[in-house]
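To keep things clear, I will list the structure first and then write my remarks on it.
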Amino acid sequence: MIVLKSPREIEMMQKAGELLASVHKEIAKMIKPGITTWEIEKFVDAYLEKHGATAEQKGYKGYEYATCASINDEICHGFPRKEPLKEGDIVTIDMVVNLNGALADSAWSYAVGKVSDETAKLLEVTKEALYKGIEQAQVGNRIGDIGHAIQTYVEGEGFSVVRDFIGHGIGASIHEKPDVPHYGLPGKGARIKEGMVFTIEPMVNIGEFYMKMDDNGWTARTVDGTYSAQYEHTIAITKDGPIILTEQK
Ligand code: MF3
Ligand code: CO
């Protein structure tokens, strides 16, 4: 069942989204060679507390951290750790903010110092893919239109779209209906309605889309070892088009 949200609920989720966007803007300033994702985790925890919010991922299905920090070939759900980031790395920081019971979810990939041209292109294409998906999130379109736009663009740029993790409805809990794959066929899937709130969060690999799971049961990485990037926004559907609740202004 897809739970539609009232304008009041969307407004509250937007407040959570604004706070989340401000966290990402702070993280962007912190990222440089030598910093650890553990320091970022601690920063996020303190920042959310200072702003009267909590980290919804902590304790979710046994996950222990406020953030997911996925480095290089890690696709998603990397654990924050005390290993310094190096020049040329990329890192995706993903988190869900709970502000007064309203949730917002956003992931962002960051370049550490100077990255290779291919890696820079991966970041650029993945971010653009997110916005191409958002463009399709219009009342009357179908969920498949979103994935189709993302897949067509990403594959046209010579990269691949991860299949094992998808966008999702969000509301009272992190994962609700609808499922939002980042691949698929136009005109297929649920019809997009006013009041839906969901994430679009393409994970894009330089090489093939296959993933393998680490022994920790959480961290997914590319089978071929190529780098993987991800950008995620939470969006609300209105009759005038999608509102990006986690936009970094
Ligand atoms: N933020 C993630 C998403 O985009 C959810 C992370 S799952 C968790 O769907 F267990 F790490 F919290
Ligand atoms: Co997320």
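All ligand and atom numbering here is 1-based and tracks the order in the structure. All of these numbers come straight from a predicted model, not from anything done at the bench.
Taking 4.5 Å as the limit, every side-chain heavy atom of Gln138 sits out of range of all side-chain heavy atoms of Ile192. Between Met95 and Asp105 there is no side-chain heavy-atom pair separated by less than 4.5 Å.
Here Glu124 does not pair with Lys121 in a salt bridge; the nearest charged N to carboxylate O distance is not below 4.0 Å.
With a heavy-atom cut-off of 4.0 Å, Phe165 does not touch ligand 1 at all. At a 4.0 Å heavy-atom cut-off, ligand 1 touches His175 through the side chain alone.
The aromatic rings of Trp108 and His233 sit tilted relative to each other, their planes meeting at an angle between 30° and 60°. Classified by interplanar angle (parallel below 30°, tilted 30° to 60°, perpendicular above 60°), the ring pair Tyr65/Phe79 is tilted.
At a cut-off of 2.8 Å, Asp94 coordinates the Co ion (ligand 2) through an N, O or S atom.
Residue Asp105 has at least one nitrogen or oxygen atom sitting less than 3.5 Å from a nitrogen or oxygen atom of ligand 1, judged on distance alone. Considering both main-chain and side-chain atoms, Gln57 comes within under 3.5 Å of ligand 1 through a nitrogen or oxygen pair. Here's the thing with His77: none of its N/O atoms is less than 3.5 angstrom from an N/O atom of ligand 1. Annotation: Glu232 places an N or O atom under 3.5 Å from an N or O atom of ligand 1; distance criterion only.
Asp94 OD2, 3.2 Å is the protein heavy atom nearest to atom 2 (C) of ligand 1. For atom 11 (F) of ligand 1, the closest heavy atom belonging to the protein is Cys68 SG, 3.4 Å.
Of the possible polar contacts, one joining the Asp224 side chain to the Glu208 backbone as a donor-acceptor pair under 3.5 Å is found.
Each of the following atoms of ligand 1 lies closer than 4.0 Å to a heavy atom of Val96: 1 (N). Ligand-side atoms of ligand 1 in range of His168: 3 (C), 4 (O), 9 (O), range being under 4.0 angstrom from any heavy atom. Residue-ligand proximity, Glu201 to ligand 1, at heavy-atom distances under 4.0 Å covers atoms 3 (C), 4 (O), 9 (O). Near Tyr60, meaning under 4.0 Å from any of its heavy atoms, are these atoms of ligand 1: 8 (C), 10 (F), 12 (F).
A ring-centre distance under 6.0 Å is found for Phe165 and His77.
A cation-pi arrangement is absent between Lys42 and Tyr47, since the terminal nitrogen or guanidinium carbon is not both under 6.0 Å from the aromatic centre and inside a 45° cone about the axis.
The N, O or S atom of Asp105 with the smallest distance to the Co ion (ligand 2) is OD1. Among heteroatoms of the N, O or S kind in Glu232, OE1 lies nearest the Co ion (ligand 2).
Side-chain contact annotation: Thr199 with Glu201, donor-acceptor N/O pair under 3.5 Å present.
When every heavy atom of Thr36 is checked against every heavy atom of Lys82, the shortest pair comes out as CG2-O, 3.5 Å.
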